[in-house]
There are 2 protein chains.
Amino acid sequence: MNELENYISTFFGISGSDVKNVASYFKPQSLQKGEYLLKPGKIGRFLSFQRSGLIRFYTNSQDAEVTQWISDSGNFVADLSGLIFDLSSRTSIQALTDCELFTISKEDYSTIGQIIPKWHELEKLFIARAFLFMEERIFSLLSMNAEERYHWLLNHNPSLFQYVPLQYLASMMGMTPETLSRIRRKNLNS
Amino acid sequence: MNELENYISTFFGISGSDVKNVASYFKPQSLQKGEYLLKPGKIGRFLSFQRSGLIRFYTNSQDAEVTQWISDSGNFVADLSGLIFDLSSRTSIQALTDCELFTISKEDYSTIGQIIPKWHELEKLFIARAFLFMEERIFSLLSMNAEERYHWLLNHNPSLFQYVPLQYLASMMGMTPETLSRIRRKNLNS
DNA sequence: AAAACAGCTTGATAAAAATCAAGAAATTGC
DNA sequence: GCAATTTCTTGATTTTTATCAAGCTGTTTT
């Protein structure tokens, strides 16, 4: 089992010929730092597996950019509104660093559903996990102050703090860079 | 097509004998004001369609209760972590008013998946819609101040403001009842 | 009808976080 | 290696929101 097959097997809980079959649709893709996977107004007709690098999801809101999430290697990257519903995106998806991906087009993605009977169920589970994660995030935003959210993210995604510019992490946690900087100073020991 | 069949048809985009088939698994259920559909630590092995009444999802956090969402009639109600993954809930689901539901057990729910081939795909679409809604909520929490969030909810779910105690709406929007009260006074005209 | 209660509002104050402005540190480009 | 640029930090101040405390309003209970 190669790298991609291994990831697919882990994420979707399938094995044997199914893995090989699914994996065969994914094509290697490289992104340079700053390059866009998706821009607002376009339809994100793809699903990518992130092999290396950092990818930022953000939205332009009035004057400021709101970073919604930063994905690191080992994750799948997609705009669900485009992939599932063919809706144009409000979100930008941009490479923060050079990235290596395995990407499947929406067309091939749909084909899998016709070939592997339980694909839709696996997708369902996959999306349901994402939903539960979003639910947790909402809870953190509703119930925690800035410092608690900082600790929450530090626990859930410690690796982000090693590589991602702090301004983006601040935005993602719903605070200003200055506030994050002060929280970090206060927590130098931990 | 009766009331329930009509709802199912709308939500899942199916028709004919499939609707009748799916609908036949749902059983009427009544809840009295204050009664619980689910308590923390229990596994939510059900999916309910809400025919009337108001249902509150909330979590006990340290000292305070955090209202995560309030569902009104015409929606489906479930704890995905229980329904899909058999995980025990951290959330309480409680009737804010007397409610009439149509409820299906997890067992019957699983049966549908075996009988109607495209059921998993419909579920997928259903959950994906929920995911996108959560994404919007996160965006509102990240990018808006209290007053903007108030207007956002007022636009997205005006009916909630007619029937739901304001303290719960305040919590759901991530602000205190006092703050919501002041925002409302400021916006009496609109 | 009075008492008790729940929900909402109001005002005063405190705490949290944003903003503004400047400078330090790190990174990038040449 | 140095200049230019970006990112991060720090301090002073303002704004936003929470907290605390009291009172108001309407409803339910007895």
Side-chain angles (χ1 to χ4, degrees), chain A residues 31-35 53-54 56 58 61-67 70 94-99 138-154 160-190, chain B residues 32-35 53-54 56 58 61-67 70 94-98 138-154 160-190:
Chain A
L31 286 179
Q32 287 200 297
K33 177 176 176 173
E35 219 176 311
L54 292 166
R56 180 167 76 113
Y58 72 90
S61 168
Q62 300 165 157
D63 42 344
E65 266 179 10
V66 177
T67 295
I70 287 162
Q94 186 185 28
L96 271 186
T97 64
D98 290 357
C99 290
I138 289 178
F139 181 74
S140 87
L141 289 166
L142 288 181
S143 66
M144 299 176 189
N145 64 23
E147 187 164 355
E148 291 166 332
R149 294 199 298 278
Y150 165 75
H151 287 296
W152 186 84
L153 187 65
L154 201 56
L160 290 183
F161 286 83
Q162 297 183 277
Y163 306 115
V164 178
L166 295 173
Q167 54 181 320
Y168 299 138
L169 294 183
S171 172
M172 198 172 120
M173 293 187 280
M175 64 185 79
T176 60
E178 291 95 331
T179 295
L180 175 56
S181 175
R182 293 183 175 108
I183 289 171
R184 273 160 49 86
R185 179 175 42 162
K186 214 181 130 189
N187 289 275
L188 279 181
N189 39 335
S190 60
Chain B
Q32 287 198 299
K33 177 176 177 171
E35 218 176 310
L54 290 166
R56 180 166 78 112
Y58 71 90
S61 169
Q62 300 165 157
D63 42 344
E65 266 179 10
V66 178
T67 296
I70 289 162
Q94 186 186 28
L96 271 186
T97 63
D98 290 357
I138 289 178
F139 181 76
S140 86
L141 289 166
L142 289 180
S143 66
M144 299 176 189
N145 64 24
E147 187 165 354
E148 290 166 334
R149 295 200 298 279
Y150 165 75
H151 287 296
W152 186 84
L153 187 64
L154 200 55
L160 290 183
F161 286 84
Q162 296 183 279
Y163 305 115
V164 179
L166 295 172
Q167 53 180 322
Y168 299 138
L169 294 183
S171 173
M172 197 171 121
M173 292 187 281
M175 64 186 79
T176 60
E178 292 95 332
T179 294
L180 175 56
S181 175
R182 291 183 176 110
I183 289 172
R184 274 161 48 86
R185 181 175 39 162
K186 214 181 128 190
N187 288 274
L188 278 181
N189 40 334
S190 61

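Just so you know, these numbers come straight off a predicted model, no measurement behind them. Here is the naming used below: chain letters follow the sequence lines, and residue numbers restart at 1 for every chain.
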Between [atom2] of [N] and [atom1] of [X], the distance in whole Å:
{"X": "A:K33", "N": "D:dT6", "atom1": "NZ", "atom2": "P", "value": "11 Å"}
{"X": "A:Q62", "N": "C:dT19", "atom1": "CD", "atom2": "P", "value": "11 Å"}
{"X": "A:I183", "N": "D:dT10", "atom1": "CD1", "atom2": "C1'", "value": "15 Å"}
{"X": "B:L180", "N": "C:dG7", "atom1": "CG", "atom2": "P", "value": "14 Å"}
{"X": "A:D98", "N": "C:dT28", "atom1": "CG", "atom2": "P", "value": "11 Å"}
{"X": "B:E178", "N": "C:dA12", "atom1": "CD", "atom2": "C1'", "value": "13 Å"}
{"X": "A:E148", "N": "C:dA17", "atom1": "CD", "atom2": "C1'", "value": "14 Å"}
{"X": "B:E147", "N": "D:dT15", "atom1": "CD", "atom2": "C1'", "value": "13 Å"}

Whether B:R56 side chain and B:L96 backbone form a donor-acceptor pair below 3.5 Å: no
Between A:E147 and A:I183, is there a donor-acceptor pair closer than 3.5 Å when you use the side chain of the first and the backbone of the second? no
Is any side-chain heavy atom of A:R184 closer than 4.5 Å to one of A:Y150? yes
Are the side chains of A:W152 and A:F139 in touch, meaning some heavy atoms are under 4.5 Å apart? no
With respect to the side chain of A:T179, which nucleotide from D:dA21, C:dA21, C:dA17 is positioned closest? C:dA17
Between B:R185 and C:dT9, is there a side-chain N or O to OP1/OP2 distance below 4.0 Å? no
From CA spacing to verdict: side chain to side chain contact (heavy atoms under 4.5 Å, CB included), B:L153, B:M172: CA-CA 10 Å; B:L153 187 64; B:M172 197 171 121; 3.9 Å; yes
Is there a residue in residues 163-176 of chain A whose heavy atoms reach under 4.0 Å of DNA chain C, and which residues are they? A:G174, A:M175, A:T176
Could you measure the distance from the OH atom of B:Y58 to the CD atom of B:Q94? Nearest 0.5 Å is fine. 4.5 Å
Rounding to 0.5 Å, atoms CD1 (A:I138) and CD1 (B:I138) come to a distance of 4.5 Å
Mind checking if A:R182 touches a base, just sugar-phosphate, or nothing, with heavy atoms under 4.0 Å? base
